[in-house]
Colleague: 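Here it is: the structure, laid out below.
What you see is a predicted model; the values in this text were computed from it and never measured. Each chain gets a letter, A, B and so on, in the order its sequence line appears, and its residues count up from 1.
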2 protein chains.
Amino acid sequence: MRAGETTASEDPKERILSAAGEVFAERGYEAATVRDICLAAGVNVAAVNYYFGDKQKLYNETVRQAHQRLVAQVPLSPWPEGTPARAKLRDFIGNVLERMLGFGRPRWQTRLMLREVLQPTDACRDLVEGYIHPQFQLLLSILGELADGQLEEPQLRQLAMSIIGQMFIYRAAGDVVGMLVPADEMASLHTPVPLADHITHSALAALGLAPPLTSSEPRA
Amino acid sequence: MRAGETTASEDPKERILSAAGEVFAERGYEAATVRDICLAAGVNVAAVNYYFGDKQKLYNETVRQAHQRLVAQVPLSPWPEGTPARAKLRDFIGNVLERMLGFGRPRWQTRLMLREVLQPTDACRDLVEGYIHPQFQLLLSILGELADGQLEEPQLRQLAMSIIGQMFIYRAAGDVVGMLVPADEMASLHTPVPLADHITHSALAALGLAPPLTSSEPRA
DNA sequence: GCTCATTTCAAACAGGCGTTTCAATCAGTT
DNA sequence: AACTGATTGAAACGCCTGTTTGAAATGAGC
């Protein structure tokens, strides 16, 4: 099949996938053009159809790959046995926020996922089943541990969705959030670490497991 | 200028705006075609350029009108003096959710706004200044009243964003939420009224103004 | 009934789109 | 060196896009 591939960035298929990720994430499926992707990848226009068949198949493959790389970054069993549930909650929220908002990995990966969440296509089902649903279940189990049998599953799901929503808005509507919050405050309070503290504290306080937000000194 | 307009739905300009709202909301700016809009409006393709100049100006006008109609539906001073702050909070959350998720008004109006929030264009600034920011300030004032001076402005803004996030996710990611929550539970718990109760109760509990969620009987 | 500005219509326009073509190039084998 | 199958490249193909055109239809004022 393949003839001579040297490094990953020399393989045209890789280069196209990477360029397509950026362009699709930035402009969306319709507005992204095959010509732009090929220009960014430094390959001929015909390469997309040669390697992937057509634009739609390239898109599906791009989403699939971004999704799988994202999954690979998430540790399967993050905590040693005996870790307190509230520590797990803080870790979970911090990790999700870091993955959503952090500047580490290429931004387009999560941005592409976000597009699928906002307006699902065929590629969305795999994303939910392979990535989002397991994370949701993990959060549910943490909350179940915290509630210690005092909340039913439906209430746990409501609470879980509340927590996810508080993180989600920063990723999905970050621009508007930036218009509502002063710039300096945006940089100091609405970033992964302080946000994770705030959201965790809110959830624990709502569960009666931490002092209310109005108390000036939250416990560590 | 105008020759003979009878009813609102007979005026071609109205019909185009209405059809454009649906199509733009459904497919987005790029994927929506002028021909589809005109077909839906029952007018000739040339009508868009005749009445609005070009596609971009039609889009701007569509967003502007949807935004203004939305604003017109929101009462300016909703509560009589002396209304308890927690009642205001419940009302506010309930109203926003009803406007976001309710089946009353044409769905495309809020969906179009949502598109602007997720990926702002020129039309977004007006939307934020004329609609979102005032609502945000209203929520801030309610929370300030509730906190009774025990929280600083930055903390109030964090809390406000948390509340908005919990509502926002249902509008922006409703499809995925529906994949994570059983269908019957979706219909019973994740609808405007029970959701408003849950979010209000969570916020009050986090502020120490209501019993924790784990307590089986929340106060009315 | 005529005038005249406004509005409608079918047809066409230029440009960009995804895709295809086919000759040129390349790498590996004989 | 010649053959072979995989890859690349420039150009072209239809098709669909937003937009324009110019003539036909419309309707109010006289």
Colleague: Just the rounded figure in Å: distance from P of D:dT20 to NZ of B:Lys55.
Modeller: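 From B:Lys55 NZ to D:dT20 P: 14 Å.
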Colleague: So, B:Gln68 and B:Tyr131: side-chain donor and acceptor under 3.5 Å apart, yes or no?
Modeller: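 There is no such pair (donor and acceptor under 3.5 Å, judged by atom type) between the side chains of B:Gln68 and B:Tyr131.
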Colleague: If you pin B:Val34 and A:Ala46 to their nearest nucleotides in DNA chain D, which one's is more 5'?
Modeller: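 With B:Val34 and A:Ala46 compared, the 5'-side residue is A:Ala46.
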Colleague: To the nearest Å, how far apart are A:Asp54 CG and C:dC17 P?
Modeller: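 That distance rounds to 17 Å.
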Colleague: Counting only side-chain heavy atoms from C-beta out, which of C:dC17, D:dG18, C:dT19 sits nearest to A:Thr33?
Modeller: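 Per side-chain heavy atoms of A:Thr33, the pick is C:dC17.
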Colleague: Rounded to whole angstroms, how far apart are CZ on B:Phe52 and C1' on D:dG18?
Modeller: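 Going from CZ in B:Phe52 over to C1' in D:dG18 covers 16 Å.
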Colleague: Considering only heavy atoms and no angle criterion, is a donor-acceptor pair shorter than 3.5 Å present between the side chain of A:Arg35 and the base of C:dG18?
Modeller: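 Between C:dG18 and A:Arg35, which were checked side chain against base, a qualifying N/O pair under 3.5 Å is present.
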Colleague: Rounded off to whole Å, could you give me the CG-to-C1' distance for the B:Asp11 and C:dT8 pair?
Modeller: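 Whole-Å distance recorded here is 14 Å.
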Colleague: Can you see whether A:Arg171 engages A:Thr110 through a side-chain donor-acceptor pair at a distance of less than 3.5 angstrom?
Modeller: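 Yes, a side-chain donor-acceptor pair sits under 3.5 Å.
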Colleague: Can you check the A:Arg27 CZ to C:dG16 P distance for me, whole Å?
Modeller: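 Value for this atom pair: 14 Å.
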Colleague: Just the rounded figure in Å: distance from C1' of D:dG18 to CD1 of B:Ile37.
Modeller: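 One finds 11 Å between C1' of D:dG18 and CD1 of B:Ile37, rounded.
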Colleague: Between D:dT19, D:dA11, D:dT7, which nucleotide gets closest to the side-chain atoms of A:Tyr51?
Modeller: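 Of the options given, the side chain of A:Tyr51 lies nearest D:dT7.
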Colleague: In whole angstrom, what separates B:Tyr50's OH from D:dT21's P?
Modeller: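 In whole Å, D:dT21 P lies 15 Å from B:Tyr50 OH.
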Colleague: Salt bridge between A:Glu145 and A:Lys88, side-chain N to carboxylate O under 4.0 Å?
Modeller: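 Looking at A:Glu145 and A:Lys88, the cut-off is met.
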Colleague: Both A:Asn44 and A:Ala31 contact DNA chain C. Which one's nearest nucleotide lies toward the 5' end?
Modeller: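 That would be A:Ala31.
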Colleague: Are B:Phe52 and B:Leu17 side-chain neighbours, meaning at least one heavy-atom pair lies under 4.5 Å?
Modeller: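 Result yes, sub-4.5 Å side-chain heavy-atom pair found.
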Colleague: Tell me: CG of B:Leu39 to C1' of C:dC9, nearest whole Å?
Modeller: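 Rounded to the whole Å, the gap is 15 Å.
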